[in-house]
Each structure stands twice: as C-alpha cells, then as structure tokens.
Amino acid sequence: MTAMTGAANRLTGLPVIPEGMVRAHPFAGLPAALAGFGVSLDTVLGEIGRPPDLISDPERVIAVGDGAALLAACARKTGCAHFPLVASQSVSLESLGPIGILARGAASVGAALRGLILALHLHDRTTVPALVRHGDIATLYVTHFGPVANGLPEVTEFVASIVSNIVRDLCGPAWKPVEVRLARRSPADKRPYRRRFSAPVVFDAERTALAFSASWLEREVHDAAPQAALTPMLSLDEVARLRRLDLASAVRRACVMALIQGVPTVDRIAQLAGLQRRTLNRKLRGEATTARKELDRVKSQIAQQLLAATELPPEEIAGALGYGDGTTFTRAFTTWVGSPPVAWRRRNSTSPPI
C-alpha cells in the first residue's frame with residue numbers, strides 16, 4: 001500500500017471534528033521555538049492553566065481558544081511579538097496529515113488547493129479558506145471561524161504563515177506571494193513580517209489573504225509522489241463528499257464565500273450550497289435555523305474579530321460585510337451583541353503589540 005492510498009483509507013475513517021476545534025499538529029513546533037528563547041512549553045502551559053499534554057499528540061483535537069491563548073502566552077513569555085511566525089516555520093503540507101499527503105497526488109497546484117479547501121474540515125474546523133482568481137492574480141483568503149477571547153492577532157499571523165508554507169510546498173521554493181494581508185493591528189516592528197513572507201504586508205486588512213500569480217495554479221505539484229499517477233485512490237474531492245459537513249456548517253462556509261464575492265444574499269448562498277433557496281431553507285428548518293440566521297451569525301463573528309483585532313473604522317467593516325452604510329451595520333451589530341460597535345470595541349479590543 002502506498003502512502004497516498006493509506007492516507008485515503010485513513011481519511012474515509014476519520015470523523016468530522018467539531019466546529020471551533022483543530023488538530024494539534026500545527027503546534028508541534030512550539031517546544032523547539034520556545035527553547036530558542038530559553039523558555040519551556042510546560043512553563044507556559046502552567047501559567048495559562050492548560051494541561052501539560054495539550055499539544056503532545058499531533059492528532060489530538062483541541063479548542064482553537066486554547067491554541068490562541070497558548071500562542072499569545074508564548075509571545076508574552078519570550079518577548080517576541082512575532083513568535084507565531086517563528087513557531088510556524090516548521091509546519092508543512094505533511095503537517096495536515098492524510099489530506100496533505102493526498103494533495104501531493106493532485107493533477108495541479110490549483111487542484112491541490114481546491115481539494116484541501118474541500119477536505120480541511122477533517123483537520124481544522126476553525127479556518128475557512130477560499131480561493132478566488134481575478135485575471136492573473138489568485139487570492140487565497142483565510143477566514144477564522146471560532147471563539148477566541150485571547151490571542152486573535154497571534155492566530156491570524158500563525159495561520160497566514162502556515163498557509164504560505166503549504167502553498168510554497170505545493171509550488172516549490174521559487175513561489176512567493178505578491179502581497180499578504182493580515183486582519184490584525186499593525187505591530188511596532190513590521191520587518192519580521194516582510195522577511196517571513198518575502199512580500200509587502202498590509203495590516204488592518206478587512207480579510208486575511210495571500211495574493212500570488214495565478215499562473216502557479218496550472219503548474220504540476222512540486223515534488224509530487226511518482227506513484228500518484230499509477231495508484232487508484234480517492235481524490236480529496238471524493239473524500240470530502242464522503243465525509244460531509246452538516247448542512248448548517250456548509251452554509252456558514254458558503255456565507256463566507258458570498259461575503260468575499262461581495263454578494264451576501266440568501267440567493268447567492270443557496271447557489272454556492274448547490275440548492276434552490278426554498279429547498280435550502282426547508283432543509284435548514286430541520287436543523288432549527290435558516291440561511292438568513294446563519295449569514296447573520298457569520299457577519300457577527302467577523303465583525304467582532306475586526307473590531308477586536310484591527311483599527312478598521314466601523315464604516316469600513318460595514319462595507320466588508322455588505323452593508324451600504326454604517327447606520328445599518330450599527331443597528332444590526334447592536335441586535336447581535338447588545339451594544340453598538342464603538343462601545344463593544346472599547347471593551348473587547350485586543351492588547352497592543354509587545
């Protein structure tokens with residue numbers, strides 16, 4: 001049995017992990033990264049009240065809030081504001097486990113990325129990726145979806161750095177983005193970010209994203225396993241169909257894509273979900289929700305993240321969520337959380353950079 005055939009078999013037996021959870025594998029580089037600053041992982045975990053074995057098993061499923069709190073505590077303890085960039089350097093395509101192995105067998109970089117996007121819920125239920133092509137530029141958006149009370153800026157840069165690693169693994173060492181956008185406040189020292197991504201970095205962005213030449217999408221996967229073309233196996237697309245998300249979760253992902261496309265309507269969400277509007281809402285009623293409720297849930301979470309982690313004015317956040325003016329957004333946000341955006345930001349803004 002080849003590695004990829006084994007990976008496909010493992011994936012079809014893997015459960016879909018709960019929303020807001022992620023496998024611990026991406027955090028495997030933390031002990032070595034901390035040691036470089038003379039800090040032990042046990043010390044940091046003890047200070048934030050997390051168990052010493054939190055990330056000891058790469059396949060263990062942990063809450064994104066625990067991972068975020070750990071990254072933030074590591075940055076504080078080391079005095080290195082860009083610690084997540086350091087800790088993410090060892091994360092590779094293979095760190096995604098079976099879906100990373102199968103991606104090596106894709107027909108092209110674009111096919112590999114689209115397959116990873118479809119199957120990521122078997123590894124990570126906190127990140128919603130979306131690949132959009134406009135002319136000669138491809139943009140890989142990364143939207144966080146999950147409760148994070150502490151460490152949102154750290155999670156943002158950690159995930160963006162990992163995504164950069166994965167795309168480079170697929171394309172080869174010559175790949176680099178033309179621009180990186182981070183939905184987090186501008187740090188005091190931007191130089192580590194420019195060095196890490198080898199590209200201009202925009203902070204206080206509406207969405208975290210990596211933009212790169214679309215020509216890479218048509219290329220063969222770098223260092224593809226030679227047996228890929230010879231071994232019959234399930235593709236990532238087929239695995240994703242076998243291990244489907246529940247409808248409400250799939251709809252929330254469609255909501256994210258609709259917002260990125262600038263058409264956050266129920267009709268567009270239904271189209272992205274592959275259903276007629278009436279059929280979609282009939283099915284969702286069986287899960288005690290509607291497409292409109294799920295769209296509001298996604299908008300609320302994205303709005304809270306942007307208010308907490310960036311300096312974007314509420315009017316710009318309103319535009320990013322499809323509202324025509326700040327007043328309508330303020331009214332909606334107040335309905336969602338019980339207070340207007342400015343007041344909510346004062347109470348929930350993340351700490352300034354170290």
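Checked by atom type and distance alone, the side chain of R268 never pairs as donor or acceptor with a backbone atom of A258 at under 3.5 Å. No donor-acceptor pair under 3.5 Å is formed between the side chain of S164 and the backbone N or O of A160. E294 places no side-chain N or O within donor-acceptor distance of the main-chain N or O of R252, the cut-off being under 3.5 Å. Side-chain atoms of R282 do not come within 3.5 Å of backbone N or O of R277 as any donor-acceptor pair. Within the 3.5 Å criterion, the main-chain N or O of T310 finds a donor-acceptor partner in the side chain of R345.
Both F27 and I48 are assigned to one and the same hydrophobic cluster, defined by single-linkage of ILVMFWY side chains at heavy-atom distances under 4.5 Å. Under a hydrophobic clustering in which Ile, Leu, Val, Met, Phe, Trp and Tyr are joined whenever their side-chain heavy atoms come within less than 4.5 Å, directly or via other members, L247 and V298 fall into different clusters. Under the 4.5 Å side-chain heavy-atom criterion for grouping Ile, Leu, Val, Met, Phe, Trp and Tyr, L71 is connected to I55 within one hydrophobic cluster. Both L182 and V142 belong to a single network of hydrophobic side chains, linked directly or stepwise wherever heavy atoms of I, L, V, M, F, W or Y lie under 4.5 Å apart. Residue L41 is grouped with residue F158 when hydrophobic side chains (ILVMFWY) are merged at heavy-atom distances under 4.5 angstrom, including chains of intermediate members.
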Please step through side-chain contact (heavy atoms from CB on, under 4.5 Å) for the pair I62 and M21, ending with a clear verdict. CA-CA 5 Å; I62 67 171; M21 309 291 281; 5.6 Å; no
As a quick check of understanding, evaluate salt bridge (charged side-chain N to carboxylate O under 4.0 Å, His left out) for D204 and R184, giving each step before the final call. CA-CA 5 Å; D204 286 310; R184 58 147 297 168; over 6 Å; no
Quick one: do L321 and E206 satisfy side-chain contact (heavy atoms from CB on, under 4.5 Å)? Show the steps, please. CA-CA 9 Å; L321 297 178; E206 294 177 356; over 6 Å; no
Using the rule given for salt bridge (charged side-chain N to carboxylate O under 4.0 Å, His left out), can you reason through R104 versus E94, listing the C-alpha separation, both sets of side-chain angles and the distance that settles it, and then say yes or no? CA-CA 9 Å; R104 288 281 185 203; E94 281 66 32; 3.0 Å; yes
Might you work through the side chain to side chain donor-acceptor pair (under 3.5 Å) test for T126 and D124, ending with a clear yes or no? CA-CA 6 Å; T126 70; D124 178 350; 2.7 Å; yes
Check the pair R181, T208 against side-chain contact (heavy atoms from CB on, under 4.5 Å), reporting the backbone distance first and the verdict last. CA-CA 5 Å; R181 301 193 284 273; T208 295; over 6 Å; no
Going through the distances and angles, do V159 and V155 end up as a side-chain contact (heavy atoms from CB on, under 4.5 Å)? CA-CA 6 Å; V159 171; V155 165; 4.1 Å; yes
Apply side chain to side chain donor-acceptor pair (under 3.5 Å) to K190 and S186, showing your working. CA-CA 7 Å; K190 302 179 183 65; S186 180; 3.1 Å; yes
Candidate pair R253 and T143, rule side chain to side chain donor-acceptor pair (under 3.5 Å), full reasoning: CA-CA 9 Å; R253 291 177 176 242; T143 302; over 6 Å; no
Quick one: do R133 and E218 satisfy salt bridge (charged side-chain N to carboxylate O under 4.0 Å, His left out)? Show the steps, please. CA-CA 12 Å; R133 180 171 182 167; E218 316 305 328; 2.8 Å; yes
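Side-chain contact check for V342 versus P314: some heavy-atom pair is nearer than 4.5 Å. Using a 4.5 Å cut-off on side-chain heavy atoms (C-beta onward), T78 and V86 make no contact. Proximity of V61 to V22: side-chain heavy atoms (C-beta onward) are nowhere separated by under 4.5 Å. Under the 4.5 Å side-chain criterion, counting only non-hydrogen atoms from C-beta, L122 is not in contact with I17. Using a 4.5 Å heavy-atom threshold, the side chains of W344 and P341 count as separate.
Of all non-hydrogen atoms in L307 and R185, the two that sit nearest each other are O-NH2, 3.8 Å. For the pair A87 and A33, the tightest heavy-atom approach, listed with the atom from each and the gap, is CA-CB, 3.9 Å. Shortest non-hydrogen contact noted between V221 and V109 is CG2-N, 4.0 Å. Y323 and A332 make their closest contact through OH-CB, 3.6 Å (heavy atoms, listed as atom of the first residue, atom of the second, distance).
Between the side chains of T43 and E47, no donor-acceptor pair is found at a separation under 3.5 Å. Counting only N and O atoms by type, the side chains of T289 and R297 include no donor and acceptor under 3.5 Å apart. Side-chain contact, S161 with R196: a donor N or O sits under 3.5 Å from an acceptor N or O.
When the shell of 6.0 Å around CD of Q276 is examined, it contains 12 or fewer heavy atoms from other residues, nucleotides or ligands. In R278, the CZ atom is not crowded: 12 or fewer heavy atoms of neighbouring residues, nucleotides or ligands sit closer than 6.0 Å. For Q89, the CD atom sits in a packed shell: over 12 heavy atoms of surrounding residues, nucleotides or ligands are nearer than 6.0 Å.
The side chain to side chain contact (heavy atoms under 4.5 Å, CB included) test with V91 is passed by exactly one of L96, I162, D169: I162.
The six-membered or imidazole ring of F203 lies near that of Y193, with a centre-to-centre distance under 6.0 Å.
To the nearest 0.5 Å, the span separating CD on E287 from CG on D246 amounts to 5.0 Å. Here CD of Q261 is found 10.5 Å from CD1 of I269. Values are rounded to the nearest 0.5 Å.
Taking the ring axis of F83 as reference, the NZ or CZ atom of K77 does not stay both within 45° of it and closer than 6.0 Å to the ring centre.
A perpendicular orientation is assigned to the rings of W336 and F329, their planes being inclined by more than 60° (bins at 30° and 60°).
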